[in-house]
Enquirer: 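Can you read through this structure? Questions will come right after.
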Amino acid sequence: METKKPVILSGITPSNKLMIGHYIGAIRNWVALQNEYECFFMVADLHAITVRQNPAELRRHTLDIAAGYIACGIDPEKCVLFIQSHVPEHTQLTWALTCFTGMGEASKMTQYKDKSQKNSESNNVGIFAYPILMAADILVYQADLVPVGDDQKQHLELTRNLAERFNFHYSPTFTVPEPFIPPTGARIMSLQDPMKKMSKSDENEKATLFLDDSDDAIRSKIKRAVTDSGTDIRFDEKNRPGLSNLMTLYHTATGRTFAEIEKEFIGLGYGEFKEAVGEAMVGLMRPIRERFIELRSDPTMLHDLLAKGAFISHITPCTNILC
Ligand code: ATP
Ligand code: LTN
């Protein structure tokens with residue numbers, strides 16, 4: 001008898017284009033795990049509408065992200081790719097879980113506190129309920145593993161608590177999922193302020209390496225990246241966060257360890273190091289960009305693939321939980 005593979009669910013919010021933090025913190029780990037797991041990767045468009053969206057732009061970013069997943073190495077023959085809003089079970093389960101979430105525990109979410117403080121005028125209940133929708137995304141598929149960057153750790157903890165609470169009050173219903181947070185690259189920092197996480201929504205374009213940046217833009221952003229005033233190349237996240245962030249990028253692109261990188265640049269300065277990082281990133285990102293452009297030129301193919309994914313996703317909770 002064929003044994004059932006464990007399940008992965010993850011997703012990215014289409015509030016802008018994909019950037020290198022998504023690749024390193026999330027997608028490259030999805031790619032590495034796609035053979036051993038039954039994988040569901042969604043574009044989390046319902047999460048994006050917690051802030052006002054231009055509909056045409058949201059549609060464009062949604063397809064961009066789906067094409068980006070494939071360009072980064074997700075195989076649509078092996079994984080189910082879909083758009084969150086196309087599968088109504090996510091919002092149905094959200095309501096049940098909302099009734100299981102304490103006001104106190106939802107108010108404690110740091111991302112909610114940050115976002116509601118930043119945009120106090122456009123604050124809405126969706127920003128508050130966002131982690132409950134995320135819990136429903138995961139629990140509705142009985143996901144065993146959720147590969148995310150380190151900023152999502154607290155949301156995963158809430159998901160686990162909700163699953164355990166539900167199971168305790170009723171009957172064992174939900175799989176309690178484990179987070180998968182990579183040992184390196186779980187938090188890629190801004191190129192302009194290494195104390196801040198790199199974000200797709202940063203007002204300063206130079207702070208973020210977008211996956212569709214040209215070779216010259218990549219080189220220029222790395223060259224202008226803010227570093228400290230040291231001279232030698234040494235990994236020290238606490239005291240030299242800017243340099244250490246660039247070393248993490250270089251490590252991802254070349255596979256070299258931090259010790260090997262330090263050795264490679266003995267006697268050389270930041271100028272030579274940044275040049276090497278720029279070239280390594282061009283080498284990593286150019287094939288992704290080229291594949292992305294190719295995929296994006298065929299929106300019908302993407303729509304068909306996502307419709308098929310939504311259908312499979314829609315019947316999965318029925319067989320797992322609801323029936
Ligand atoms: P938003 O601000 O629009 O809510 P976000 O950037 O916080 O978005 P997503 O874009 O949905 O969140 O993030 C998708 C995935 O990428 C998550 O797993 C997240 O942890 C990861 N991720 C986002 N930014 C980084 C980063 N700078 N470094 C590593 N991983 C990241
Ligand atoms: N909130 C996540 C995106 C997201 C997600 C999910 C990630 C929405 N639903 C389910 C993993 C599992 C974020 O990174 N901002």
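In each ligand, atom 1 is the first atom listed, and ligand 1 is the first ligand listed. Here the structure is a predicted model, which means the values were calculated and not measured.
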Enquirer: Of all the heavy atoms in I12, does at least one lie under 4.0 Å from an atom in ligand 1?
Expert: yes
Enquirer: Please identify which atoms of ligand 2 are closer than 4.0 Å to at least one heavy atom of T13.
Expert: 3 (C), 15 (N)
Enquirer: Mark the output for A186 as yes if a heavy-atom distance to ligand 1 is under 4.0 Å, and as no if none is.
Expert: yes
Enquirer: M189 near ligand 1, heavy-atom distance under 4.0 Å?
Expert: no
Enquirer: Mind checking whether D151 contacts ligand 2 via backbone (N, CA, C, O), side chain (CB onward), both or neither, at a 4.0 Å heavy-atom cut-off?
Expert: neither
Enquirer: Do F265 and Y250 have ring centres separated by under 6.0 Å?
Expert: yes
Enquirer: Should the proximity of M42 to ligand 2, defined as any heavy atom under 4.0 Å, be assigned to the side chain, the backbone, both, or neither?
Expert: side chain
Enquirer: Please state which protein non-hydrogen atom is closest to atom 3 (O) of ligand 1 and give its distance, to 0.1 Å?
Expert: S15 OG, 2.6 Å
Enquirer: For ligand 2, is any non-hydrogen atom under 4.0 Å from Q152's backbone (N, CA, C, O), its side chain (CB onward), both, or neither?
Expert: side chain
Enquirer: Going by the angle between their ring planes, with limits at 30° and 60°, are H155 and Y130 parallel, tilted or perpendicular?
Expert: tilted
Enquirer: What's the shortest distance from atom 4 (C) of ligand 2 to any protein heavy atom, and which residue and atom give it?
Expert: G11 O, 3.9 Å
Enquirer: Tell me: protein heavy atom nearest atom 9 (N) of ligand 2, and distance?
Expert: D137 OD2, 2.7 Å
Enquirer: What is the nearest protein non-hydrogen atom to atom 15 (N) of ligand 2, stated with its residue, atom name and distance?
Expert: Y130 OH, 2.7 Å
Enquirer: So is Q84 polar-close to ligand 2, meaning N/O to N/O under 3.5 Å?
Expert: no
Enquirer: Below 4.0 Å, non-hydrogen atoms only: which portion of L133 touches ligand 2? Side chain, backbone, both or neither.
Expert: neither
